[in-house]
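Okay, so here's the structure we're looking at.
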Amino acid sequence: MDPSIPRSRLLSSCPVRASGPEAFPLPGRELSLRMGRALLGLAAATWLLMGLGSATRVMNAGLACPDWPLCYGELLPTEQMNLQVFLEWFHRLVAAGVGLATLVLVGFAWLKRKALPNWLPWGLSWAFVLVVAQGILGGLTVTELLRFDIVTAHLGTGLLFFATLLTLGLLVLPRFASSIRASGPEALEGRAAVGYLPWLGLVAVLLVYVQSLLGALVASRWALHQCLAAGELCGVMNSHLLGVAPATLAVVGVAAATGRRRVPKILKLLGYGSVGLLLAQVGVGVLTYRYRLQVEPLTVAHQMVGAALLGCLLGFTVLAWRLRNSAPRQGEDRAGTQPGAAAVAMTGE
């Protein structure tokens, strides 16, 4: 080693092999960041769209436009326009916008696939399949006069589409929070502390999803009204009520397990936030039952809070999985470099 060369120049000129997203080229990381933000924004729009669909149903506006995809044979039925027609027409308009945005993202992901994770174009293609299926189910709800199984499948597919967008968005982001970016002993301890949290979160996600489907079945069959008025479909109603118990235990279990572990703050926030959303959902559900679904904003809020709870638990699960898999592989040191890389950087040999 030439003693005339400053040591700082040697350190800066020696390549150090990095691992993880930090090894990606800067343009690819920037593109992934933008795609992640776009996907999360589209997931938020889908959440609002589900609330709009719920409002359309509780206002008995599902058949306000008797044909599909047009409304009274027109793009904008100005002569027939009233509150119910507007809700159904606007719901279709927003849904078409979400579908178009998904198509644009799919095309962009395939066009830029060399700079993005290789699984992202396929994941977005699956999301596009779901949004097409959702559109077809939306049309069938009109042509089949709100048949209960189609209405239930319509909501279930919408939730699955929402979950897919959220998962892809959280996975493609180079890093979600500074706590996950951290390195060193504390970060390694946090990663090791994650343990079985991803699996616990996944169980909670599945239970809440099933509970949401049961709620959609109750709503599409008007089971609460029929059970209280004529004693019919009480089994459907009771299945939704009984489903509260396992979903509640799973959510509380996620929060309790998170509280006992030294994990990043984002996981604690999502874990405790899921309990807050659970309490809100139960409270709104009780009020909805007490007022016999006669207060429309309560019914809409019940569905939207349920979807937000599902999203919160899914975010917890995805980030916990990312954190657990971000631990250095065997043979790497705590700085994320290969053995000897630090020594080479220090000596220049």
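Heavy atoms of other residues, nucleotides or ligands lying less than 6.0 angstrom from OH of Y289 number 12 at most. Other residues, nucleotides and ligands contribute over 12 non-hydrogen atoms within 6.0 Å of the CH2 atom of W119.
Between the side chains of T152 and S220, at least one donor N or O sits under 3.5 Å from an acceptor N or O.
Between W122 and W110, the gap from one ring centroid to the other is short of 6.0 Å.
No continuous path of ILVMFWY side-chain contacts below 4.5 Å connects L242 to V210, so the two sit in separate hydrophobic clusters. In the hydrophobic clustering of this structure, W199 does not group with L310; members are Ile, Leu, Val, Met, Phe, Trp, Tyr whose side-chain heavy atoms approach within less than 4.5 Å, directly or through other members. Cluster membership check: L278 shares its hydrophobic cluster with L159, using side-chain heavy-atom separations under 4.5 Å among Ile, Leu, Val, Met, Phe, Trp and Tyr. Hydrophobic clustering places Y72 together with L76 (ILVMFWY residues linked when any side-chain heavy atoms are closer than 4.5 Å, directly or through intermediates). Following chains of ILVMFWY side-chain contacts shorter than 4.5 Å, one cannot reach L206 starting from L213, and the two form parts of different hydrophobic clusters.
For the pair Q134 (side chain) and H154 (backbone), a donor-acceptor distance under 3.5 Å is present. Between the side chain of Q281 and the main chain of L309, no donor-acceptor pair closer than 3.5 Å is present. In this structure, R92 contributes its side chain and C65 its backbone to a donor-acceptor pair below 3.5 Å. Under a 3.5 Å cut-off, the side chain of K112 and the backbone N or O of L31 do not form any donor-acceptor pair. In this structure, Y209 contributes its side chain and G156 its backbone to a donor-acceptor pair below 3.5 Å.
Within the 4.5 Å cutoff, the side chain of V85 has heavy atoms near those of the C71 side chain. Proximity of R57 to T299: side-chain heavy atoms (C-beta onward) are separated by under 4.5 Å at one or more points. Side-chain atoms of P264 and L323, non-hydrogen and from C-beta on, do get closer than 4.5 Å to each other. In this structure, S274 and F316 have side chains that are not in contact, with every pair of non-hydrogen atoms separated by 4.5 Å or more. In this structure the side chain of T78 never reaches within 4.5 angstrom of the side chain of M81, judged on heavy atoms. Between F161 and V98, some side-chain heavy-atom pair lies under the 4.5 Å cut-off.
Considering CG of L270 and CG of L313, their distance stands at 9.0 Å, rounded to 0.5 Å. Rounded to the nearest 0.5 angstrom, T317 OG1 and L202 CG are separated by 6.0 Å. A distance of 6.0 Å separates CG in L173 from CG in L33, rounded to the nearest 0.5 Å. Rounded to the nearest 0.5 Å, atoms CE (M59) and OG (S54) are 11.5 Å apart. Taking CG of L124 as the start and CZ of R113 as the end, the distance is 13.5 Å to the nearest 0.5 Å. Distance CG/L319 to CG/L314: 9.0 Å, rounded to 0.5 Å.
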Practice task
Tell me, with the steps shown, if L287 and V295 meet side-chain contact (heavy atoms from CB on, under 4.5 Å).
Solution key: CA-CA 9 Å; L287 290 175; V295 182; over 6 Å; no

Practice task
Assess whether side-chain contact (heavy atoms from CB on, under 4.5 Å) is satisfied between I150 and R147, documenting all intermediate values.
Solution key: CA-CA 6 Å; I150 297 177; R147 210 174 77 188; 3.9 Å; yes

Exercise for the section: Test side-chain contact (heavy atoms from CB on, under 4.5 Å) on S212 and L155 and set out the steps. Expected result: CA-CA 9 Å; S212 299; L155 176 61; 5.7 Å; no

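When every heavy atom of G99 is checked against every heavy atom of V131, the shortest pair comes out as CA-CG2, 3.9 Å. Nearest heavy atom pair, residue A255 against residue G271, reads CB-O, 3.6 Å. Taking every heavy atom of both residues into account, A257 and L197 meet most closely at CB-CD2, 3.6 Å. Across A204 and V254, no two heavy atoms sit closer than the pair CB-CG2, 4.0 Å. The shortest non-hydrogen separation linking G36 to V172 is CA-CG1, 3.3 Å. Of all heavy-atom pairs spanning E88 and A64, the tightest one is CB-CB, 4.2 Å.
Using a 30° and 60° split on the angle between ring planes, F86 and F90 fall in the parallel class, below 30°.
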All N/O donor-acceptor pairs, side-chain side in residues 43-52, below 3.5 Å, sequence neighbours left out:
{"unit_1": "T46", "atom_1": "OG1", "unit_2": "L42", "atom_2": "O", "d": "2.9"}
{"unit_1": "W47", "atom_1": "NE1", "unit_2": "M304", "atom_2": "O", "d": "2.9"}

Would you tabulate the side-chain donor-acceptor contacts of residues 221-238 under 3.5 Å, counting partners in other chains and residues two or more places apart, or write 'none'?
{"unit_1": "H225", "atom_1": "NE2", "unit_2": "R292", "atom_2": "O", "d": "3.3"}
{"unit_1": "Q226", "atom_1": "NE2", "unit_2": "R221", "atom_2": "O", "d": "3.0"}
{"unit_1": "N238", "atom_1": "ND2", "unit_2": "C234", "atom_2": "O", "d": "3.1"}

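Partner L39 forms a side-chain contact (heavy atoms from CB on, under 4.5 Å) with one of L171, L170, L165 and no other, that one being L165.
Take D67 and apply the salt bridge (Lys or Arg N to Asp or Glu O under 4.0 Å) test, not counting sequence neighbours, and it matches no residue. Residues passing the side-chain contact (heavy atoms from CB on, under 4.5 Å) test with L103, sequence neighbours excluded: F128.
Cluster partners of V203, by chain and number: L207. The rule joins Ile, Leu, Val, Met, Phe, Trp and Tyr whenever side-chain heavy atoms lie under 4.5 Å apart. Taking Ile, Leu, Val, Met, Phe, Trp and Tyr as members and joining any whose side-chain heavy atoms lie under 4.5 Å apart, directly or through other members, the hydrophobic cluster of L75 also contains L70.
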